[in-house]
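Just the heavy atoms: all of them, side chains too, but no hydrogens, waters or symmetry mates, feed the values below. Since this is a predicted model, take the numbers as computed values, not measurements. Within every chain, numbering begins at 1; the chains are lettered A, B, ... in the order of the sequence lines, protein sequences first and strands thereafter.
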Amino acid sequence: MEYSKKVDEKWQKEWKEKNAYKFDINGKGEKLYCLEMFSYPSGAKLHLGHWFNYGPSDSFARFKKMQGYNVFHPMGFDAFGLPAENYAIKTGIHPEDSTKKNISAMRKQLEEMGASYDWDYMVETCMPDYYKWTQWIFLKLYKAGLAYKKEAPVNWCDSCKTVLANEQVINGTCERCGSEIKRKKLAQWFFKITDYAEELLQDLSKLDWPESTKKVQTNWIGKSEGSEIVFETTNGEKITVFTTRADTLNGVTYVVLAPESELVKKVTTEEHKKEVEDYIDKASKLSEIERLAVDKEKTGVFTGGYAINPVNGDKVPIWIADYVLEDYGTGYVMAVPAHDERDYEFASKYKLPIKEVVKSADGEETKLPFIEKGILVNSGKYDGLSSEDARRKITEDLEKEEKGRLTTNYRLKDWLVSRQRYWGAPIPIIYCDKCGIVPVPEEDLPVLLPYDVEFKPDGESPLKKSKEFMNCTCPKCGGKATREADTLDTFVCSSWYYLRYPDAKNDKEAFNKDIVNKIDPVDVYVGGKEHAAMHLIYARFMTKALRDLGYLDFDEPFKRLVHQGMILGPDGNKMSKSKGNTVSPEEYIDEYGSDVFRMYLMFGFDYKQGGPWNEKGIEAMAKFFTRVEKLVEDSKVVCKESSETNNIGDKEKELLRTKNQTIKLMTENIEDFRFNTAIARNMELSNAINDYMKEKEINKEILEKTVETLIILLAPLAPHFAEEEWQKLGKEEFVYNQKWPQVSEKELSGGKKDIPVQLNGKLKFCVSVDAESSTEEMLEIIKNDERVIKLHENNNVVKDIYVPGRIYNIVVKK
RNA sequence: GCAGAUGUGGCGGAAUUGGUAGACGCACAGGACUUAAAAUCCUGCGGUGGUUAAACACCGUGCCGGUUCGAUUCCGGCCAUCUGCACCA
């Protein structure tokens, strides 16, 4: 049958009946855990992005299976989250209903793609049998001191009476009603990811990940070595600042506090109170990105308070300013306008003194602000020291008076996991008037998310409105108690799902330790680079925390990481419904079949790069399929009708060389997720076979074997199509169960090779040599080539450069 | 703003460690087949100049400069575009 959607259906049915993709944990071959980031069931249909992520990486998994690995390739759904809840608010359809519907539709489509998942291992994070264990992990972290509660700001819309996600805040206003948002503090749960900052940083070197992603994580962790220094205020408070430049301490002319910090109230004088409060109110309306923008004019106000510089006793004013952030460093900054750009700008604007304490080491005139390191001046006994020495010496001296210490600071913040939302895993905590915070006993898990809840925004967490959910008895004292009303960030669910897959149906534990140690860590993880920082760092943290708690024996969840690119709309912009530039895969699949579509995605784009959608080439891919069908037919006819030879002449040798070259390159390319070039090589082989079939005499055996190889090489890339053609070749086994071919070095060798000859680096002509001849032999042939001799005669030759087997360059003087 | 990428023909994209720039394909043009068209097959295809045709010459990987016998690749400086920035997943 000619390739179409019908062929897809035929083989999907066959695969299902014969259980072709069943994973056997004790199966033959080295285990290989091949995982794609699971998807959020955002709609009833797979979009182009899903196809681009899952199609090619399924081909990779199939390739590995054919190479003899015992491939574990599961799929699931990251099902909790904001969009389902928003959709529910808009339409009244319950998140659980819409999510379940979407999951079953998406699963059906993934099956239609022909992906080789073993669905017996599916996980759905919104199901109690999964989130029970998410809650269990929360309890384990809590008991280990890795989950704690503290105040933190949220985006608050006063008119909708609800907390907003950052993405719901548009230019400082609420996306729903347009009113201005404010930052408001709430008591919320955190995971202590900062405890692992150093290990998360160090272990990056162990990982086979893209360097750019490692860099993102390095910057996200943001390690800096510096000092903590204590300034006492004139009214007896202590201000501990963090600085990497303790050497400039003598140049401090004021101190700045983050507007939100607790200390502000304590240092502000009656006279400045009004001004300070107004400023704090204003700052609460800005996002962090807006506040940090260097091009934004610095603002701030004087609190009326003063602090004493511990190194020289200077009395310096205390200001508040929004360029200081509460959650970086200590939230307090010593300002050295002479040696910091932001401080300089601020001091200039507010006419604060500027005191120079570092000069350039090479004695050159310095222009302020001078932010480089140098030699100290105006610093009393520290004059003449280098910045580096002074930094240490000053801190050590202060340490004796308990006013300073060397310390390491990380930009990484603890992970805020509380969400004031309905559609998430309830946090398994109970509040008792007598006993305080009480964790839900493990045997009482899961804390079920109630179905019947009013989740429309009206100022309260949705769960708070369910009396049935909220009211409970204290597990400790048996008295009346209430539940935590917040749910967990969906990143918590996705930070451990790769551990659940291998033991997805376990109802006694989150996962069996032996099984998880056998199947995890993930060998190849495929997903978008938008996850470079958050998901990928949270998952690493979770693995390390669970290791320390004794539940698993490895340090890192994902050994190798590959990012697929993004398919943009035809206009070059990110696809979005609002821009009206979305492209739906469905019509293409109905028209051409899933393999043509998958092959086109692989051939038409660089997998790691992506690019704007363009449907032009899809027709061409369909034609390639037709050519291969014709090739298979023709080869049968040719074998019957042409005169036969047993000779292995030049033509045969050439065909065999192309075949082996194709095997070699396709193996390398697929291994490296370079599907576009892998398919190009496959096309070359099919062209070579067609050429060979035009010969008068045909070596039947070589032709047949080469056609078989062509189809086997195609099998991971176009699985249904390859099965169909394989069957046409009279085979009964699945082509998917064939061994991936090996390169024959013998058949690969031989032939001619063109060595380019250059004149001053510019190509003149090529000299043809035997590929197998030695360096000396080649050199001999090149040197004696007429054209080379002529070049020597006609030019003032300085020297010849020969890179064996690569290039021959004649350098001449003009 | 900070951070991370990317930039190659008309288009998608190739090019090992610094070694023939443009593989493979699309589009286009010419030809074969056909009453004709489609499909298919064959040939050509970076630009400019040159020639009856070739040969050949020069230019060419965002822009400017550097290192090198030789740079799409390495270095410095610009420009443009895309992505992420901690409550989207």
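Using cut-offs of 30° and 60° for the angle between ring planes, the A/Phe597 and A/Trp51 rings count as perpendicular.
Side-chain contact annotation: A/Glu619 with A/Tyr592, donor-acceptor N/O pair under 3.5 Å present. A/Tyr497 and A/Asp78 share no donor-acceptor pair across their side chains, judged by distance under 3.5 Å alone. Under the 3.5 Å distance criterion, with hydrogens and angles disregarded, no donor-acceptor pair is assigned to the side chains of A/Trp423 and A/Tyr87. With 3.5 Å as the limit, one finds no donor-acceptor pair spanning the side chains of A/Asn809 and A/Tyr802. Side-chain contact check for A/Ser495 and A/His535: no donor-acceptor pair (N or O, by modelled atom type) lies under 3.5 Å.
Going from the C1' atom of B/A23 to that of B/U72 covers 15 Å, rounded to whole Å. B/A14 sits 16 Å from B/G7 when the C1' atoms are compared, rounded to a whole Å. Spacing between B/C63 and B/U6 at atom C1', rounded to whole Å, works out to 16 Å. With both ends at atom P, the span from B/A38 to B/A27 equals 13 Å, rounded to whole Å. Remark: the separation of the P atoms in B/U73 and B/U17 is 15 Å, to the nearest Å. Of the P atoms belonging to B/C75 and B/U67, the separation is 16 Å, rounded to the nearest Å. Taking atom P on both B/U43 and B/U48, the two are 25 Å apart, rounded to the nearest angstrom. Between the P atoms of B/C2 and B/A57, the separation comes to 49 Å (whole Å).
Residue A/Ser418 is in base contact, counting any heavy-atom pair closer than 4.0 Å across all strands shown. Using a 4.0 Å heavy-atom cutoff across all strands shown, A/Gly527 reaches no nucleic acid atom at all. A/Arg411 comes within 4.0 angstrom of a nucleotide base, judged by non-hydrogen atoms across all strands. A/Phe603 comes within 4.0 angstrom of a nucleotide base, judged by non-hydrogen atoms across all strands. Residue-level contact check: A/His531 touches the bases, meaning some heavy atom is under 4.0 Å from a base atom. Using a 4.0 Å heavy-atom distance criterion, A/Leu82 is classed as a sugar-phosphate-only contact. No contact: A/Glu615 has no heavy atom under 4.0 Å from any strand. Looking at heavy-atom distances under 4.0 Å, A/Phe624 makes no contact with the nucleic acid at all. Contact annotation for A/Gly617: no contact, since no heavy-atom pair falls under 4.0 Å across all strands. Using a 4.0 Å heavy-atom cutoff across all strands shown, A/Lys694 reaches sugar-phosphate atoms only and no base atom. At the heavy-atom level, A/Trp220 lies under 4.0 Å from base atoms of the strands shown. Within the 4.0 angstrom heavy-atom criterion, only backbone atoms of the sugar-phosphate kind lie near A/Lys623; the bases stay farther away. Within the 4.0 angstrom heavy-atom criterion, no nucleotide atom of any strand lies near A/Val757. Contact annotation for A/Ala533: no contact, since no heavy-atom pair falls under 4.0 Å across all strands.
For B/G70, neither phosphate oxygen OP1 nor OP2 lies less than 4.0 angstrom from any side-chain nitrogen or oxygen of A/Asn760. Look at A/Lys529 and you won't find any side-chain N or O under 4.0 angstrom from OP1 or OP2 of B/A3. Considering only side-chain N and O atoms, A/Lys764 lies nowhere under 4.0 angstrom from the phosphate OP1 or OP2 of B/A55. A sub-4.0 Å separation between OP1 or OP2 of B/A5 and a side-chain N or O of A/Lys215 is present. Contact check, A/Arg787 against B/A55: no side-chain N or O comes under 4.0 Å of OP1 or OP2.
Looking at residues two or more places apart in sequence or on another chain, you find no salt bridge (charged side-chain N to carboxylate O under 4.0 Å, His left out) involving A/Lys623. Applying the salt bridge (charged side-chain N to carboxylate O under 4.0 Å, His left out) rule to A/Glu633 yields the partners A/Lys636; only residues at least two apart in sequence or on another chain are considered.
If A/Tyr40 and A/Met621 are placed on RNA chain B by their nearest nucleotide, the residue sitting closer to the 5' end is A/Met621. In this structure, A/Ile810 and A/Asp606 both approach RNA chain B, and ranking their closest nucleotides by distance from the 5' end singles out A/Asp606.
In the set B/G4, B/G13, B/C26, B/G4 carries the atom at the smallest distance from any side-chain atom of A/Val216. Taking the side chain of A/Ser212 as heavy atoms from C-beta on, and the options B/C85, B/A14, B/A5, the nearest nucleotide is B/A5. Side-chain proximity of A/Gln758 to B/A3, B/A89, B/G19: nearest is B/G19. In this structure, the nucleotide among B/A89, B/A3, B/C87 sitting nearest to the side chain of A/Gln188 is B/C87. Considering only the side chain of A/Thr677, B/A23 comes nearest among B/A89, B/C59, B/A23.
A cation-pi arrangement is present between A/Lys150 and A/Phe190 under the rule of less than 6.0 angstrom and at most 45 degrees off the ring axis. Judged by the 6.0 Å distance and 45° axis criteria, A/Arg342 is not positioned over the aromatic ring of A/Tyr323. The cationic atom of A/Arg674 (NZ for Lys, CZ for Arg) does not lie both less than 6.0 Å from the six-membered ring centre of A/Tyr607 and within 45° of the ring axis.
B/U20 atom P lies 14 Å from atom CD1 of A/Ile801, rounded to whole Å. Between the NZ atom of A/Lys214 and the C1' atom of B/A3 there is a distance of 18 Å, given to the nearest Å. Atom NZ in A/Lys762 sits roughly 8 Å away from atom C1' in B/C58 (whole-Å rounding).
At a non-hydrogen distance threshold of 4.0 Å, A/Arg681, A/Met683, A/Glu684, A/Asn687 from residues 681-691 of chain A come into contact with RNA chain B. Near RNA chain B, defined here as any heavy-atom distance below 4.0 Å, the residues from residues 802-809 of chain A are A/Val803, A/Arg806, A/Ile807, A/Asn809, listed numerically.
Taking a pair as Watson-Crick or G-U with both hydrogen-bonding distances under 3.5 Å, the stems of three or more pairs touching RNA chain B are B:1-7 with B:79-85, B:10-12 with B:24-26, B:28-32 with B:40-44, B:46-49 with B:56-59, B:62-66 with B:74-78.
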Return all side-chain donor-acceptor pairs below 3.5 angstrom for residues 751-758 of chain A, not counting sequence neighbours, or 'none' if the list is empty.
unit_1   : atom_1 : unit_2   : atom_2 : d
A/Lys752 : NZ     : A/Asp770 : OD1    : 3.2
A/Lys753 : NZ     : A/Gly805 : O      : 3.4

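Looking at A/Thr125, its side chain does come within 3.5 Å of a backbone N or O of A/Ala79 through a donor-acceptor pair.
Of the listed residues (A/Tyr538, A/Phe491, A/Tyr130), just one forms a ring pair (Phe, Tyr, Trp, His ring centres under 6.0 Å) with A/Trp496, and that residue is A/Tyr130.
For B/G9, the base adopts the syn conformation, since its glycosidic angle falls within 90 degrees of zero.
On a pure distance criterion of 3.5 Å, no polar donor-acceptor pair joins the side chain of A/Gln609 and the base of B/C82. Taking only distance into account, the side chain of A/Gln420 meets the base of B/C87 through a donor-acceptor pair shorter than 3.5 Å.
Interatomic distance, CG of A/Leu416 versus CZ of A/Phe191, reported as 10.5 Å (0.5 Å rounding).
The minimum heavy-atom distance linking A/Val216 with A/Ala532 is given by the pair CG1-CB, 4.0 Å.
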